[in-house]
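Data block below; observations after.
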Number of protein chains: 2
Amino acid sequence: MRVTPTRVVLADDALLFRQAIAWLLEQHDFQVVGQVSDADGLRNAVSALRPDIAVIDIRMPPTGRLEGLESAVELRARHPDLGVLLLSHYLESHYLPVLFGANARGVGYLLKERVTGIEAFVEAVTRVAAGGCVLDPEVVDLMIAARSRRDPLHTLTAREREVLALMAEGRSNQAIGAQLVLTPKTVESHVRSIFTRLGLAPEPDDHRRVLAVLTYLRAHH
Amino acid sequence: MRVTPTRVVLADDALLFRQAIAWLLEQHDFQVVGQVSDADGLRNAVSALRPDIAVIDIRMPPTGRLEGLESAVELRARHPDLGVLLLSHYLESHYLPVLFGANARGVGYLLKERVTGIEAFVEAVTRVAAGGCVLDPEVVDLMIAARSRRDPLHTLTAREREVLALMAEGRSNQAIGAQLVLTPKTVESHVRSIFTRLGLAPEPDDHRRVLAVLTYLRAHH
DNA sequence: GCCAACATCAGGGGTAGCCCTGAAACCGGG
DNA sequence: CCCGGTTTCAGGGCTACCCCTGATGTTGGC
């Protein structure tokens, strides 16, 4: 009952891997309309063939550049309806925000070694081609981490922000407790909670109280 | 052999004192071209008579205003070559920075009760009229105190600033020692020295490490 | 109504960061 | 040449700040 099969363009500089994926996809009723090995080819193929989805391998270290990611960003801007599924060995965090831009429709990012099975991969291609969003859990973790890096104070509770504000004024735990009417133990409890929430693990080289104050000051310009 | 005597304008609301100073200066080959008793008179006299120097008494508490000081600031801005010698009973610290502004050429500030002798006073008038700078030692003390309040880091040694810079990055004493090749004990020694130099007494309500970091950050915008 | 998150606090323990004194080496200036 | 300031460090002590677990009451959402 399939009227038109999903049209796929494959981008990968490794011929073998490309062929393998193409064969795999065609076994699952996809139509691989083009295979390219570099960013220019990808651009041209998408413009000429108008596929439903581009499956792009980001092959970077140590040889290649980030051209896969860069052209992915470009493609999403130029072809809003195009699905883009990225495959990578590593997690390239730098381009994630710009890649998703405003919306996360028709985009995917999978880590190769974490794709458990063929079914999961095919499922991902289908979902992305249909405008869905498929992200490796690790990618999700990293993005929320990045968000909380942008405004780490939003992860704190109101009370914790009060305590941190006083810490940032150079007050001692004793003084904080006196001002907020808390026992010293409770102040310590809040301080500990602040540390963990700000992602400040107890490194021997860090003075976490100062680091917490610094993040607080940065968030308040 | 004096071609033109130094031309002086005297400003003081007390007639007796004014006359006494005028007589004293004329005994020492100065030419007192004008005597005034208020700020307006001073302004007009300087504009009309173009003296080399204005000797101004700041007569304030409890009656008068700070008009002497204010007009002194104004005069220095309007007449860059005019010497201005201020006489005061008290030390008025508030106007000192704005009084000196960019340069301290042709300006003087003496405390009456600390003028030891007539020779010293005459010498001061001469120096200021010639574009020099005469300041009571107490004034100097107060200015450097103000400067060290404005930039407390200048009171630190080079090594202490290195340590404080690392503290301001949230590093622990251990990490600081490792980076600067110091034993932990030496780091502690520097930290203690930084505290005392920044005037951070061991108050139970203060977290001095944070306070030291804050002053460091303030000094670096 | 229950569960999760928050806020409060206690008990009990470790140690980094602080205190003080003292001392040695160096260096520049009166 | 000695003297004050800087830099380096040790010994010895104290406690504020940190860790962990666990308990209680409150709140808000499903």
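So that the names make sense, note that chain A is the first sequence line, chain B the second, and so on, each numbered from 1.
Contact annotation: His190(B) side-chain N/O to dT8(D) OP1/OP2 distance is under 4.0 Å. Side-chain nitrogen and oxygen atoms of Arg208(B) include none within less than 4.0 Å of the OP1 or OP2 phosphate oxygen of dC18(C). The shortest distance between the side-chain N/O atoms of His207(B) and the OP1/OP2 oxygens of dA16(D) is not below 4.0 Å. For dC9(D), the OP1/OP2 oxygens have a side-chain nitrogen or oxygen of Thr186(B) closer than 4.0 Å.
When the nucleotides dC9(C), dC19(C), dC18(D) are ranked by their closest atom to the side chain of Phe195(B), dC19(C) comes out on top. Side-chain proximity of Thr157(A) to dC6(C), dC18(C), dC9(D): nearest is dC6(C). Checked against dC18(C), dC9(C), dA7(C), the side chain of Val191(B) finds its nearest nucleotide in dC18(C). When distances are taken from the side chain of Arg192(A) to each of dC18(D), dC19(D), dA7(C), the shortest belongs to dC19(D).
Around atom CG of Leu180(A), more than 12 heavy atoms belonging to other residues, nucleotides or ligands sit under 6.0 Å away.
At a cut-off of 3.5 angstrom, counting only N and O atoms as typed in the model, there is no donor on one side facing an acceptor on the other between the side-chain of Glu188(A) and the base of dC17(D).
Counting any heavy atom pair closer than 4.0 Å across all strands shown, Arg197(B) reaches sugar-phosphate atoms only and no base atom. Residue Ser193(A) is out of contact with every strand shown, counting any heavy-atom pair closer than 4.0 Å.
Regarding Ile176(A), its CD1 atom lies at a distance of 15 Å from the P atom of dA7(C), rounded to whole Å. Atom pair Leu166(A):CG and dC17(D):P shows a separation of 13 Å (rounding to whole Å applied). At whole-Å resolution of the value, CD in Gln174(A) and P in dC18(C) are 16 Å apart. Following rounding to the nearest Å, Leu211(A) (CG) and dA16(C) (P) show an atom-to-atom distance of 16 Å. Asn173(B) has its CG atom 15 Å from the P atom of dC17(D), to the nearest Å. Distance Ile194(A) CD1 to dC18(D) P: 10 Å, rounded to the nearest Å. One interatomic measurement links the two molecules: CG of Leu182(A) to C1' of dA10(C), which rounds to 15 Å at whole-angstrom precision. Remark: C1' of dT8(C) and CD of Glu162(A) are 14 Å apart, rounded to the nearest angstrom.
Taking the side chain as every heavy atom from C-beta outward, Thr6(B) and Thr126(B) never approach each other to under 4.5 Å.
Considering every non-hydrogen atom in both Val213(B) and Leu164(B), the closest pair reads N-CD1, 4.3 Å. Among all heavy-atom pairs drawn from Glu169(B) and Leu211(A), the shortest one is O-CD2, 3.4 Å. The nearest pair of heavy atoms linking Pro5(A) to Asp29(A) is CB-O, 3.7 Å.
Taking CG of Leu200(A) as the start and NE2 of His207(A) as the end, the distance is 12.0 Å to the nearest 0.5 Å.
Along DNA chain D, the nucleotide closest to Ala158(B) and the one closest to Ser172(A) are compared, and the more 5′ of them pairs with Ala158(B). Residue Arg159(B) is the one, among Arg159(B) and Asp206(B), whose nearest nucleotide of DNA chain D lies closer to the 5' end (criterion: closest heavy atom).
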